[in-house]
Amino acid sequence: MGVQGLLPFVSSASTEVSLEDYRGQTLACDASVWLHRGAISCARELAEGEPAVGFLRFPLRMIALLKRHGVRPLIVFDGGAMPMKARVDAARAADRESAKARGEFNKTVKITAAMTQQLIERLRQDGVEFVVAPFEADSQLAFLVQHGHAAAALTEDSDLLAYRCPSVLFKLSESGHARRITFAGLQHAQDSKGQLLFDGAWEGEWAAWEGGLFVAMCIMAGCDYLPSVPGVGVATAHKALRAGRTVERALAKLHSKRSGPPAPVAAEAYLLRALGL
DNA sequence: CGCTATCGGGCAT
DNA sequence: GTGACGATAGCG
């Protein structure tokens, strides 16, 4: 999931970069998407329990790509399941079951601990650094960049911005180019008319977004941890926060304007607590 | 109409 | 694991 619609919304703040720009530096790499993509190439074998090693090919190729450009990869694996994501995890398991019944194998792909272990073994042999996150890789990737252990995170997951990761590279291509979004660069993000999204509407606006409103916008638009407010995406959440200037007033505004069922009451309590309000 | 949200689905080889 | 992209639907 990630935050639906977030990347298009802030795409004006992204710039094209090359891996050459990171020569001699460390990139913290999200292993899960690489493993999933690799696993699609042998989805049937995996679904039917046949031995398969083809899923290693794609992640190893991406690592080779980084090394070819003089970049030091730090591979980050998902660790334990998040209790708060239990509902989402259960839904995905059910989806995999029904996909298997229909013979749609590439929708049944599930990265097992054994598969992760096989990749880790290769990384050990090849001298590639890695860490296993306590829970989800996302927050670990953000931590590594925030504390200077990596120059940027390399992922496909928009959640990295919600975690306030200072620098994120998306959509790495075979040519070694990617789109970079820095958290600080969001200050200059614009809408389609060239108007700033997070600054300029009032004195100190960017500081407010940086300090919590941006994260609130992401949560309101829908995350894996809370039932989202129906009919509210990134654009509506942004509008409400900009008009209200605080989470409380933005939520009140959405309530008064919206027809249909009110937001789940638990969502608000969690949101406010998550933001320390 | 214009804007926004949602749905289905590719990714690799 | 998440989401480009095009289509569709619901609202003001």
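Nothing here was measured: the structure is a model prediction, and the numbers come from that model. Numbered from 1 within each chain, the chains take letters A, B, ... in sequence-line order.
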Just N and O in the side chain of [X]: are any of them under 4.0 Å from OP1 or OP2 of [N]?
{"X": "Arg37(A)", "N": "dT2(C)", "value": "no"}
{"X": "Thr236(A)", "N": "dA5(B)", "value": "yes"}
{"X": "Lys239(A)", "N": "dT4(B)", "value": "yes"}
{"X": "Ser158(A)", "N": "dG3(C)", "value": "yes"}

Aromatic centroids of His188(A) and Trp206(A) separated by under 6.0 Å: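 No, ring centres 6.0 Å or more apart.
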**Request:** Compute the centroid of each ring, for His36(A) and then for Phe58(A), and state whether the two points are separated by less than 6.0 Å.
**Result:**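 Judged by ring-centre distance (under 6.0 Å), His36(A) and Phe58(A) do not meet the cut-off.
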Does any nucleotide pair with dG3(C) by Watson-Crick or G-U wobble geometry, both distances under 3.5 Å, and what is it?
->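 Paired with dG3(C), as far as the under-3.5 Å criterion goes, is no nucleotide at all.
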Notebook entry, point to check: Does CZ belonging to Phe130(A) count more than 12 external heavy atoms closer than 6.0 Å?
Noted result: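 For Phe130(A), atom CZ is crowded (more than 12 foreign heavy atoms under 6.0 Å).
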Expressed in angstrom and rounded to an integer, what is the separation of [X] atom [atom1] from [N] atom [atom2]?
{"X": "Leu141(A)", "N": "dT2(C)", "atom1": "CG", "atom2": "C1'", "result": "14 Å"}
{"X": "Arg44(A)", "N": "dT13(B)", "atom1": "CZ", "atom2": "P", "result": "17 Å"}
{"X": "Asp159(A)", "N": "dT2(C)", "atom1": "CG", "atom2": "C1'", "result": "9 Å"}
{"X": "Leu172(A)", "N": "dC11(B)", "atom1": "CG", "atom2": "P", "result": "17 Å"}
{"X": "Phe170(A)", "N": "dG1(C)", "atom1": "CZ", "atom2": "P", "result": "18 Å"}
{"X": "Phe9(A)", "N": "dT4(B)", "atom1": "CZ", "atom2": "P", "result": "8 Å"}
{"X": "Asp138(A)", "N": "dG1(C)", "atom1": "CG", "atom2": "P", "result": "11 Å"}

_Residue pairs fulfilling salt bridge (charged side-chain N to carboxylate O under 4.0 Å, His left out) with at least one residue in residues 106-118 of chain A, sequence neighbours excluded_ =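 Sorted pair list: Glu104(A)-Lys107(A).
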_Rounding to an integer number of angstrom, what distance separates dG3(C) and dA7(C) when you compare their C1' atoms?_
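Per the computed distance, 16 Å lies between those C1' atoms.
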